[in-house]
Amino acid sequence: MAVTIEDLYRNYGLLADAKPETVSQHKDAYQVILNGVKGGPKEKRLAAQFIPKFFCSFPELADAAINAQLDLCEDEDVSIRRQAIKELPRFATGENILRVADILTQLLQTDDTAEFNQVNAALVSIFKMDAKGTLGGLFSQILQGEDIVRERAIKFLSTKLKTLSEDVMTKEVEEYVFAETKKVLEDVTGEEFVLLMRLVSGLRVLQTVNGRQQLVELVVEQAFLEQALNPADPDTVDRLLQCTRQALPLFSKNVHSTRFVTYFCEHVLPNLSSLTSPVAELDIQLEVLKLLAEMSPFCGDMEKLEANLNMLFTKLLEYMPLPPDEVENGENSANEEPKLQFSYVECLLFSFHQLGKKLPDFLLDKVDAERLKDFKIKLQYFARGLQVYIRQLRVALQGKTGDALKTEENKIKVVALKITNNINVLIKDLFHNPPSYKSTVTLSWKPVQKTEAVAPKRPSGEEMGSGGSTQKQIPSQPRRDARQIYNPPSGKYSASIGNFNYERGGFRGGRGRGFGARGNRSRGRIY
């Protein structure tokens, strides 16, 4: 016979009126309430509220009670499901915490927004009861659950843990999070990797030099720096970009980027022109050079410093053109004017400047005379053309403030001016005899630092190419008028010249490519 509303209220009253020490004697009354889950919508809503209220009084019926509540959590009526989910934290006592956390984690797969929010609230609620037990349920599903459950559980951890107090996220709990996350990282997609790195990077227990070094080691393992790079494989390239991006914020004067910088010099730069971009709109060569530039200030002692500097030097020569050949009348033919690739040169020059500090006699003793002569010619040509463009940018931006500087065209010009000023400062250092590595610049896509070196307001091409020690370094060239030397490049700067936020999240083709191929897991209810 089906349980009615009257049956539920009568048995609820019996249990509510009983003294605490005698409640457990009314097992039959509690069984009637459990049977309420088989009734109609009204009976189910009452059962969802009554079952948890007396749950602790009947330990021998614990499994039956939890299963009854789970039936309600899967009911077709969304209002019944929400009520049942809302009450689930009341079952999270003692050894049941792990099971309840596991159940709630599986319930994250709902597509109903209100229900999803209810599950999130319930998880946060039991977190405050027993953080470690709740984490056990979450990580169990991340490692063994369905793809949608795994994805949402990872997102839950990456967004909710940082909102919890230190009373909840104790040192022991954070260490447990780190240990379990390392297990998950053994097989992840690109998006999962980014989310998990955000999670562990925010743990207070890892906000020390030693902690950040551990995080770098974690990224190094994912980056496969012990393997040669396959430039034709977009997933391999993507993995390296993702890992480097995650490692960048961790580097400091005490946490070095040496292994990454070494890998870029030995494996990436030699294959720069053949790198396959994982994203169609991404300028992969520029992105790689920007990453290298950002890492270079934090490079420690390098085993093959001279060889790596030589590779940087070679690439710098490739991106810095020779002056065009003159035609018979001594003027340059317009279609022969080389393009000056400022964005690439800024990155390479900055990286070379940073590593050059570690071997200041590189240009004096480690480069053969012919290559050095070639470099000086290119450097002078680039510097003289640079002056023209800097003047034109300043004229174009003169008097513009506020909204006028926020147009796309002017934003591009502002960044272009930063780039050209940076190159100007670095080139002046290399014009010194011996070359100097003392100037400091802020990369054009990074926030401006107070100590940023500023290029001279309006140095002339002649000042850059003659006088003092500079004349000794730069071989004399046929006199050229600046107008003939340089035509402002068209299309050299685009909206992507600024701070490119490369964070695609995930790899092409999803799980099974990129960061690993996890095996198929069981489907369906595994409460």
### Query
Can you check whether Leu195's main-chain N or O pairs, donor with acceptor, with Ser158's side chain at less than 3.5 Å?
no
### Message
Would the distance check show the side chain of Asn271 and the main-chain N or O of His267 forming a donor-acceptor pair, the cut-off being under 3.5 Å?
### Response
yes
### Query
Can you tell me how far the NZ atom of Lys446 sits from the NZ atom of Lys418, to the nearest 0.5 Å?
12.0 Å
### Task
Please answer whether the main-chain N or O of Pro231 pairs with a side-chain N or O of Thr276 as donor and acceptor at a distance below 3.5 Å.
yes
### Query
Is the backbone of Ala416 close enough, under 3.5 Å, to the side chain of Thr420 for a donor and an acceptor to pair up by distance?
yes
### Task
Decide side chain to side chain contact (heavy atoms under 4.5 Å, CB included) for Val441 and Phe350; before the verdict, give the C-alpha distance in whole Å, the side-chain angles of both, and the deciding distance to 0.1 Å.
CA-CA 8 Å; Val441 299; Phe350 183 87; 3.7 Å; yes
### Message
Looking only at side-chain N and O atoms, does Glu346 offer a donor or acceptor that is under 3.5 Å from a partner on Ser444?
### Response
yes
### Query
Between Arg239 and Gln222, is there a donor-acceptor pair closer than 3.5 Å when you use the side chain of the first and the backbone of the second?
yes
### Query
Is Lys44 salt-bridged to Asp75, going by a charged N under 4.0 Å from an acidic O?
yes
### Message
Ignoring hydrogens and geometry beyond distance, is a side-chain donor-acceptor pair present between Gln207 and Arg212 at under 3.5 Å?
### Response
yes
### Message
One pair to check against salt bridge (Lys or Arg N to Asp or Glu O under 4.0 Å): Lys155 and Glu151. What are the steps and the verdict?
### Response
CA-CA 6 Å; Lys155 287 181 178 177; Glu151 174 189 330; 3.3 Å; yes
### Spatial distance of atom CD1 (Ile51) from atom CZ (Phe91) [nearest 0.5 Å]
6.0 Å
### Message
Using the rule given for side chain to side chain donor-acceptor pair (under 3.5 Å), can you reason through Asp7 versus Thr4, listing the C-alpha separation, both sets of side-chain angles and the distance that settles it, and then say yes or no?
### Response
CA-CA 5 Å; Asp7 293 333; Thr4 64; 3.1 Å; yes
### Query
Taking all non-hydrogen atoms of both residues, which atom of Ser277 and which atom of Ile284 are closest, and how far apart?
CB-CB, 3.8 Å
### Task
Write out all pairs satisfying side-chain hydrogen bond (donor to acceptor under 3.5 Å, both in side chains) with one or both partners inside residues 113-128, taking only residues at least two apart or from two chains.
Arg81-Glu115, Thr110-Glu115
### Message
Check the orientation of Tyr30 and Phe54. Use parallel for under 30°, tilted for 30 to 60°, and perpendicular for over 60°.
### Response
perpendicular
### Query
Taking 4.0 angstrom as the limit, do Asp71 and Lys38 come out as a salt bridge?
no
### Query
For the side chain of Gln69 and the backbone of Ala84, is there at least one donor-acceptor N/O pair under 3.5 Å apart?
yes
### Query
Under the side chain to side chain donor-acceptor pair (under 3.5 Å) criterion, do Ser79 and Asp77 qualify, and how do the steps go?
CA-CA 6 Å; Ser79 64; Asp77 188 328; 2.6 Å; yes
### Task
Show your working on side chain to side chain contact (heavy atoms under 4.5 Å, CB included) between Met295 and Phe260 and close with a plain yes or no.
CA-CA 8 Å; Met295 292 189 292; Phe260 279 91; 3.4 Å; yes
### Query
Under the 6.0 Å and 45° cation-pi test, does Lys53 pair with Phe55?
no
### Message
Looking at every heavy atom in both Leu269 and Lys315, which two are closest together, and how far apart are they?
### Response
O-CE, 2.8 Å
### Message
Is it true that, when you exclude Glu217 itself, more than 12 heavy atoms of the residues, nucleotides or ligands shown sit nearer than 6.0 Å to its CD?
### Response
yes
### Query
Name the one of Leu218, Val220, Val219 that satisfies side-chain contact (heavy atoms from CB on, under 4.5 Å) with Val216?
Val220
### Query
Does a side-chain heavy-atom distance below 4.5 Å link Glu294 with Arg245?
yes
### Query
Once you round to the nearest 0.5 Å, how far does CD1 of Ile97 lie from OG1 of Thr134?
4.0 Å
### Query
Going by heavy atoms in the side chains, are Val345 and Phe342 under 4.5 Å from each other?
no
### Query
Taking the side chain as C-beta and beyond, is there a heavy-atom pair between Phe193 and Cys243 under 4.5 Å?
yes
### Message
Looking only at side-chain N and O atoms, does Asn410 offer a donor or acceptor that is under 3.5 Å from a partner on Thr407?
### Response
yes
### Task
Would you check if Phe224 and Leu240 make a side-chain contact, meaning some heavy-atom pair closer than 4.5 Å?
no
### Task
Report yes or no: does Arg152 contribute a side-chain atom to a donor-acceptor pair with the main-chain N or O of Leu108 at less than 3.5 Å?
yes
### Beyond-backbone contact of Asn67 with Leu70, side-chain heavy atoms, under 4.5 angstrom
yes
### Message
By the side-chain hydrogen bond (donor to acceptor under 3.5 Å, both in side chains) test, which pairs, at least two apart or in different chains, include something from residues 11-29?
### Response
none
### Sub-4.5 Å side-chain heavy-atom contact between Gln213 and Leu250
no
### Query
Tell me, do Val268 and Leu292 make a side-chain contact under 4.5 Å, heavy atoms counted?
no
### Query
Within the distance-only criterion (no hydrogens, no angle test), does the side chain of Ser351 pair as donor or acceptor with the backbone N or O of Leu348 below 3.5 angstrom?
no
### Message
Is it the case that atom CD in Glu166 sees more than 12 heavy atoms from other parts of the structure closer than 6.0 Å?
### Response
no
### Query
Are Arg150 and Gln141 side-chain neighbours, meaning at least one heavy-atom pair lies under 4.5 Å?
no
### Query
How about Gln227: does its CD atom have over 12 heavy atoms from other parts shown lying under 6.0 Å from it?
yes
### Query
Between Glu174 and Lys171, is there a side-chain N and carboxylate O pair less than 4.0 Å apart?
no
### Task
Assess whether side chain to side chain contact (heavy atoms under 4.5 Å, CB included) is satisfied between Val237 and Val288, documenting all intermediate values.
CA-CA 10 Å; Val237 175; Val288 162; 5.6 Å; no
### Query
So with a 6.0 Å cut-off around CD of Glu175, is the heavy-atom count from everything else above 12?
yes
